[in-house]
A.B. asks: 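What follows is a structure written as structure tokens; I'll ask about it next.
Throughout, protein chains are lettered first and strands after them, A, B, ... in sequence-line order, and every chain is numbered starting at 1.
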There are 2 protein chains.
Amino acid sequence: MSVLNNAADVLRCFGNDCPDLTVSDVVRLLGMPKANASRLLKAMREANMLETIGDSHRHRPGRLMLDLAAAYRRSSLLIGRASEVVAEASATYGHTGYISVRDGKEVTAVADFQGTNALRVVSNIGRRLPAHLSATGRSLLARLGEEAVHALYAGHGALTDLSEQLSKVRHQGFAYSSQEATPGVDAIAISVADPRTDEAVSLCIVYPHALVDTKGRDEMIAALAKGAARIAEDLGDSAFVAPRI
Amino acid sequence: MSVLNNAADVLRCFGNDCPDLTVSDVVRLLGMPKANASRLLKAMREANMLETIGDSHRHRPGRLMLDLAAAYRRSSLLIGRASEVVAEASATYGHTGYISVRDGKEVTAVADFQGTNALRVVSNIGRRLPAHLSATGRSLLARLGEEAVHALYAGHGALTDLSEQLSKVRHQGFAYSSQEATPGVDAIAISVADPRTDEAVSLCIVYPHALVDTKGRDEMIAALAKGAARIAEDLGDSAFVAPRI
DNA sequence: CGAGTCGTTCCATTAAATGGAACTTGAGTT
DNA sequence: AACTCAAGTTCCATTTAATGGAACGACTCG
């Protein structure tokens, strides 16, 4: 195949929890001849797609890659609008907030707002999560039709569970999880879309379970909902469901 | 040359304030035949390096690129340590904070912490700044020797000015700017390095000029300095200069 | 409709990627 | 210091992909 696909495969290796790569890591992970791996990493280095850590043989993403997530954010009016809402909510309640997008069965945070409370959930922006196992992911999956979800998760064991959860999300207008991915951590998420560009984002607040009761949670949902409703109206997102608390 | 360099050139186009690219943008900016540009963007799309916005012909960085800045952060102990310090300072004083790295004559933020004050400086993470025109950049340039700076800025008009500013930074142990890049915005920055990996980062706080007097500024410098000194000690950064206020 | 712009496809030419093997480099041993 | 093993780089003939001019579709606007 072309170098470009190999380069993309190398970059994908950083996705999981692999902080750096050597030539032999690439050989092992991608099964390519080591002559190729060596030249590929060299070419990527020279293109600033990779850089070595110190003078070791370990590679990490290059400086060129650092700006791109920001360019992605700037490309989208929706993300900008959503960020304002979550930044406001995060500052008000002191909890960490995110904006996430879905990519197939995964979600990635594209913007984060660190909480200010002494006990706060630490931001994990840029780490991919399975969409069906997080509130933010389910808030985005709920926007798909029942059939689309079935197609996406065909043959997946958790499909029936997921369908139930999603219809609840569709009815309520928000997604909620309590100590699901991380013990002691709850999350609320509301999604909104821009029909002109087919983008959908999730507005999410993550907080320590012990710190927030139902009343506090509903207050935050209302804050996100108000902002999201405003965005939905301005951009013409007719599929938006105002949360019922 | 190879596709890889062309792909890197395309990605570089997003650096400035170009939120999206079309085939003809690429033709214009890079001067390549449009047949090549068309195929290149197609290949990059298929490798998830780019994606189209909605069903238009405009391209933005692809989902693959969103995780890479996070991988960069995870690759570096220094960035992690520095982030803790700036997050703490940002939460305490309510102003926006950054961690930045230098790349030649430019600096890029790799992590940001939004302030919580009603009047706060909005984060511009991922946007490149000229190193010599920002406090964060000068705090990093000051770590280079006098000669290295001369070599880097050879033939540059602002070199004599810069040299003076840098020796002040070296003596004080911190960089300060008042309404330099943006009217009404001041910044303080302190750099620290990891000698094992040759990395240097800048810890920076950005705040509205009108909100902070000299005493308040010195308090924040002290907070950053305390954290930076701890990092310098733990990692063995012998070049670190404790700020004199 | 017709002119203009933009994007894609076609094809022969040219240039780069490939992978096996030989060769270096560096860390740890005896 | 010589030895060994693993990791990385370079070499070279072969295969494969990139290149760019030109022709072809798709859209927009007067």
A.B. asks: Output the rounded distance in Å from CG (B:Asp9) to P (D:dT19).
C.D. replies: 11 Å
A.B. asks: Could you spell out the base pairing of DNA chain D in dot-bracket, with Watson-Crick or G-U pairs whose two distances are under 3.5 Å, [ ] crossing and | to another strand?
C.D. replies: ||||||||||||||||||||||||.|.|||
A.B. asks: Please output the side-chain donor-acceptor pairs of residues 147-154 of chain A that fall under 3.5 Å, not counting sequence neighbours, one pair per line with the distance.
C.D. replies:
residue: A:His150; atom: NE2; partner: A:Glu146; partner atom: OE2; Å: 3.2

A.B. asks: Checking contacts here: which listed nucleotide (C:dA17, D:dG8, C:dC6) is nearest the side-chain heavy atoms of A:Thr22?
C.D. replies: D:dG8
A.B. asks: Could you check how far CG of B:Leu21 sits from P of C:dG7, rounded to whole Å?
C.D. replies: 11 Å
A.B. asks: Taking atom C1' of C:dC6 as reference, at what distance in whole Å does atom CG of B:Asp55 sit?
C.D. replies: 16 Å
A.B. asks: Can you tell me how far C1' of D:dC27 sits from CZ of B:Arg58, to the nearest Å?
C.D. replies: 16 Å
A.B. asks: Side chains of residues 130-138 of chain A: which donor-acceptor pairs under 3.5 Å do they make with residues two or more places apart or in other chains?
C.D. replies:
residue: A:Ser134; atom: OG; partner: A:Gly137; partner atom: N; Å: 3.2
residue: A:Thr136; atom: OG1; partner: A:Ser202; partner atom: OG; Å: 2.7
residue: A:Arg138; atom: NH1; partner: A:His132; partner atom: O; Å: 3.1
residue: A:Arg138; atom: NH1; partner: A:Glu180; partner atom: OE1; Å: 3.3
residue: A:Arg138; atom: NH1; partner: A:Glu180; partner atom: OE2; Å: 2.8
residue: A:Arg138; atom: NH2; partner: A:Glu180; partner atom: OE1; Å: 3.1

A.B. asks: Show me the donor-acceptor pairs within less than 3.5 Å that the side chains of residues 226-234 of chain A make with the rest of the protein, sequence neighbours left out.
C.D. replies:
residue: A:Asp234; atom: OD2; partner: A:Arg81; partner atom: NH1; Å: 3.1
residue: A:Asp234; atom: OD2; partner: A:Arg81; partner atom: NH2; Å: 3.0

A.B. asks: Using nucleotides 8-11 of chain C, report all nitrogen or oxygen pairs with the protein that are shorter than 3.5 Å.
C.D. replies:
residue: C:dT8; atom: OP2; partner: B:Ser38; partner atom: OG; Å: 2.7
residue: C:dC10; atom: N4; partner: B:Arg39; partner atom: NH1; Å: 3.4

A.B. asks: Rounding to a whole Å, what distance do you find between B:Asp20:CG and C:dG7:C1'?
C.D. replies: 16 Å
A.B. asks: Are OP1 or OP2 of C:dA17 and a side-chain N or O of B:Ser2 less than 4.0 angstrom apart?
C.D. replies: yes
A.B. asks: Do other residues, nucleotides or ligands put more than 12 heavy atoms under 6.0 Å from A:Glu88 CD?
C.D. replies: no
A.B. asks: Under the rule for salt bridge (Lys or Arg N to Asp or Glu O under 4.0 Å), what residues qualify as partners of B:Arg39, not counting sequence neighbours?
C.D. replies: none
A.B. asks: Who passes side-chain contact (heavy atoms from CB on, under 4.5 Å) against A:Ala242, sequence neighbours left out?
C.D. replies: A:Phe240
A.B. asks: From CG of A:Leu40 over to P of D:dG8, roughly how many Å is that when rounded to an integer?
C.D. replies: 14 Å
A.B. asks: Quickly work out the B:Asn6 CG to C:dA17 P distance and round it to whole Å.
C.D. replies: 11 Å
A.B. asks: For A:Glu46 and C:dA17, what is the distance between atoms CD and P respectively, to the nearest whole Å?
C.D. replies: 11 Å
A.B. asks: Test of understanding: with side-chain contact (heavy atoms from CB on, under 4.5 Å), list the residues that count as partners of A:Thr22, not counting sequence neighbours.
C.D. replies: A:Ser24, A:Asp25, A:Arg58
A.B. asks: For the backbone of A:Ala142 and the side chain of A:Arg170, can you confirm whether one donor and one acceptor N or O come within less than 3.5 Å of each other?
C.D. replies: yes
A.B. asks: Checking B:Gln165 now: which residues fulfil side-chain hydrogen bond (donor to acceptor under 3.5 Å, both in side chains) with it, not counting sequence neighbours?
C.D. replies: none
